[in-house]
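All values reported here derive from a predicted model rather than from experimental measurement. Residue numbers start from 1 in every chain, and the chains themselves are labelled A, B, ... in the order their sequence lines are given, proteins ahead of strands.
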There are 2 protein chains.
Amino acid sequence: MPPAAGADRPEVLIDPDSETLTEFLRDRVHRGLLVTVLGECTVAYEGRAASQVQHGERLVLLKPDGAFLVHGPRGYRPINWQPSTDTVMVSNEGGVVVLTATRRNPDERVEVRIRRGRLATAAALEDSSQFLLTGSESDLQAALAERPELIEPGLRLEDRELPTRVGGIDLLCRDAGGRLVVVELKRNRASQAAVTQLKRYVDLVSEQAGGEVRGILAAPEITEPARTLLERMGFKYVEVDPMDLLPAEGEQPALFS
Amino acid sequence: MPPAAGADRPEVLIDPDSETLTEFLRDRVHRGLLVTVLGECTVAYEGRAASQVQHGERLVLLKPDGAFLVHGPRGYRPINWQPSTDTVMVSNEGGVVVLTATRRNPDERVEVRIRRGRLATAAALEDSSQFLLTGSESDLQAALAERPELIEPGLRLEDRELPTRVGGIDLLCRDAGGRLVVVELKRNRASQAAVTQLKRYVDLVSEQAGGEVRGILAAPEITEPARTLLERMGFKYVEVDPMDLLPAEGEQPALFS
DNA sequence: TTTTAGATATCGCGA
DNA sequence: TCGCGATGTCTAAAA
């Protein structure tokens with residue numbers, strides 16, 4: 001195998017003709033490189049649904065692991081994509097460069113037909129750094145598992161992330177009176193869906209353990225319809241703020257100084 | 001005649017020094033251009049949550065509308081992002097190029113510190129094409145609204161996308177016996193959440209209209225726990241396939257020939 | 001593989 | 001603006 005192209009210096013083509021672009025892509029796709037193509041193209045997708053966009057200028061990203069993204073000029077989401085691909089094919093059909101990214105499970109295909117390539121690049125992309133995130137629900141769960149009394153005085157932890165056949169219970173506790181309490185956590189405003197999720201767990205625990213089982217929904221906020229539903233089911237809402245709770249616990253340094 | 005915006009030649013910097021990169025970005029960010037930077041950088045985010053990644057090679061995308069994406073070598077998702085930003089600032093701190101993208105509502109900030117820029121590009125990106133998707137839930141809904149008898153013989157449509165205070169009812173029908181039927185559609189395998197969603201609607205309609213109200217969950221598949229829950233609530237599952245149903249209706253040409 | 005639930009989800013619609 | 005639900009959601013985790 002020839003030496004990996006683009007291992008040190010990025011390679012760039014500006015306004016290439018279709019033959020040059022085809023060769024460039026053929027030699028660099030599937031080599032562990034990040035390949036980008038900016039140009040005028042059409043995009044078609046067929047799989048779980050089907051979509052089509054006519055000619056326009058887009059940026060195509062081909063990642064080393066096979067991820068395939070077609071970005072337009074606006075927004076967070078790509079207009080078409082493939083989270084991971086099994087094969088990416090490059091061909092030239094009468095001056096049109098065709099990129100076809102396919103995967104199985106689900107069986108899907110994205111086809112980009114590039115009528116005019118304006119810019120193509122290829123470069124190695126090394127990133128072994130670990131991604132650290134704080135403020136997720138699991139952080140909130142850990143903090144409250146340590147100090148369940150913050151949810152309600154006298155509350156004691158029985159179990160955490162308890163898997164059941166209807167889903168995982170965030171926190172299973174016992175209150176001051178010895179009753180079982182199912183606690184469902186949300187890091188965002190809680191909706192009706194959160195309430196029905198809690199209901200499923202309470203029903204299950206009640207069925208398994210017998211006796212009265214309480215339900216508590218802990219979140220920074222709750223929607224009005226969710227509060228109504230919650231009260232009708234006899235459950236309780238407790239306000240908790242993830243960002244308030246965590247710095248006191250984690251004592252991590254400020255990200256921006 | 002001045003060249004059209006998108007006809008301009010893309011601009012490219014390879015292995016620029018930090019001053020050159022800083023100037024390049026300062027002059028091109030906020031000009032309606034798509035700007036990309038590939039290089040070694042750290043990324044920090046603070047907002048609804050907080051995250052940090054140490055040095056690694058990433059690709060930064062700055063879209064004309066302010067969307068901001070930092071992509072690593074793997075996967076569909078960016079490692080950091082901002083769906084739309086109010087301001088993007090460029091500065092140079094002792095040889096490190098710093099990009100700071102902020103937005104309000106929610107108040108958030110992403111900061112990229114580029115220690116070594118390897119490739120930077122800027123180009124106009126024109127795309128006025130309309131995106132056409134078939135096979136979404138709303139397509140399925142339209143098809144079944146036309147022919148409710150495909151869900152159950154004798155079923156007649158009363159209303160569609162009916163907004164209520166607990167959410168929108170996909171299809172409200174009357175069966176052969178004149179009873180009200182709430183139909184909830186899913187284009188994917190239906191889960192317990194879909195069942196509780198249906199339950200909310202049935203409860204509401206029953207409360208408002210009085211009398212017995214039936215519930216039907218129409219989807220291509222249903223999970224086993226969802227089926228159990230559905231049956232316990234006295235509802236019915238009907239199998240419908242979006243991709244089967246739509247081609248007969250739409251008669252669109254094959255995307256790939 | 002199936003199922004569930006989280007996500008800095010994002011996005012769009014309706015009240 | 002809030003609330004709700006779809007998304008070609010994607011992704012990780014657990015059974």
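One atom, CZ of B:Arg227, and another, P of C:dT4, lie 13 Å apart when rounded to the nearest Å. Going from atom CD of A:Gln82 over to atom P of D:dT7 covers 18 Å, rounded to whole Å. Taking atom CZ of A:Arg104 as the reference point, atom P of C:dT1 lies 14 Å away to the nearest angstrom. In this structure, CG of B:Leu204 is placed 11 Å from P of D:dG5, rounded to the nearest angstrom. Atom pair A:Leu198:CG and C:dG6:P shows a separation of 12 Å (rounding to whole Å applied). Taking atom CD on A:Glu184 and atom C1' on C:dA5, their separation rounds to 9 Å, with Å as the unit. Straight-line distance from the CG atom of A:Asp139 to the C1' atom of C:dT8: 13 Å, rounded to whole Å. In this structure, B:Leu162 atom CG and D:dG5 atom P are separated by 13 Å, rounded to whole Å.
Contact annotation: A:Gln197 does not reach the phosphate of C:dT4 (side-chain N/O to OP1 or OP2, under 4.0 Å). OP1 or OP2 of D:dT9 has not a single side-chain nitrogen or oxygen of A:Trp81 nearer than 4.0 Å. A close approach under 4.0 Å does occur between a side-chain nitrogen or oxygen of A:Arg200 and OP1 or OP2 of C:dA5. At least one side-chain nitrogen or oxygen of A:Arg187 sits closer than 4.0 Å to the OP1 or OP2 atom of C:dA9. Checking the phosphate oxygens (OP1, OP2) of C:dT3, no side-chain nitrogen or oxygen of B:Gln192 falls inside 4.0 Å. Look at B:Arg48 and you'll find a side-chain N or O under 4.0 angstrom from OP1 or OP2 of C:dT10.
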- Message: Walk me through whether A:Glu46 and A:Arg109 qualify under salt bridge (Lys or Arg N to Asp or Glu O under 4.0 Å).
- Response: CA-CA 5 Å; A:Glu46 204 170 53; A:Arg109 173 151 76 149; 5.3 Å; no
Worksheet item: Given the rule in the salt bridge (Lys or Arg N to Asp or Glu O under 4.0 Å) test, do A:Arg58 and B:Asp127 qualify, once you have shown the distances and angles that lead to the verdict?
Response: CA-CA 7 Å; A:Arg58 287 127 202 165; B:Asp127 184 7; 2.8 Å; yes
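Residue-level contact check: A:Pro106 touches neither bases nor backbone, having no heavy atom under 4.0 Å from any strand. Backbone-only engagement by B:Gly167 is indicated by non-hydrogen atom pairs under 4.0 Å involving sugar-phosphate atoms exclusively.
Between A:Trp81 and B:Tyr76, the ring planes lie tilted relative to each other; the angle falls in the 30° to 60° range.
Across B:Glu108 and B:Gly47, no two heavy atoms sit closer than the pair CG-CA, 3.7 Å. Between B:Arg74 and A:Lys63, the shortest heavy-atom contact is O-NZ, 3.3 Å.
At a cut-off of 3.5 angstrom, the base of C:dG6 holds no donor-acceptor pair with the side chain of A:Gln141. For C:dG6, the base has no donor-acceptor partner in the side chain of A:Glu137 [N/O atoms by modelled type, under 3.5 angstrom]. Counting distance only, with no hydrogens placed and no angle test, the side-chain atoms of B:Asn188 and the base atoms of D:dG8 include no donor-acceptor pair under 3.5 Å.
Taking for each of A:Thr223 and B:Gly135 the nucleotide of DNA chain D with the nearest heavy atom, the 5'-most of the two is the partner of A:Thr223. Residue B:Ala190 is the one, among B:Arg103 and B:Ala190, whose nearest nucleotide of DNA chain C lies closer to the 5' end (criterion: closest heavy atom). Comparing B:Glu224 and A:Phe131 against DNA chain C, the residue whose closest nucleotide sits nearer the 5' end is B:Glu224. Summary of the strand contacts: B:Tyr201 and B:Asn105 both lie near DNA chain D, and taking for each the nucleotide with the nearest heavy atom, the more 5' one is attributed to B:Asn105.
The residue from B:Lys186, B:Arg187, B:Arg189 that alone fulfils the salt bridge (charged side-chain N to carboxylate O under 4.0 Å, His left out) condition with B:Glu221 is B:Arg189.
C:dT8 and D:dC4 have their P atoms separated by 22 Å, given to the nearest Å. Comparing the P positions of D:dG5 and C:dA5 gives a spacing of 16 Å, expressed to the nearest Å.
Using modelled atom types, one finds no donor on one side chain facing an acceptor on the other under 3.5 Å when comparing A:Thr223 with A:Ser191.
In this structure, A:Gln130 places its CD atom where only 12 or fewer heavy-atom neighbours from other residues, nucleotides or ligands lie under 6.0 Å away.
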Protein-nucleotides 11-15 of chain C N/O pairs under 3.5 Å:
{"unit_1": "C:dC11", "atom_1": "OP1", "unit_2": "A:Tyr76", "atom_2": "N", "d": "3.4"}

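Under a 3.5 Å cut-off, the side chain of A:Asp170 and the backbone N or O of A:Leu185 do form a donor-acceptor pair.
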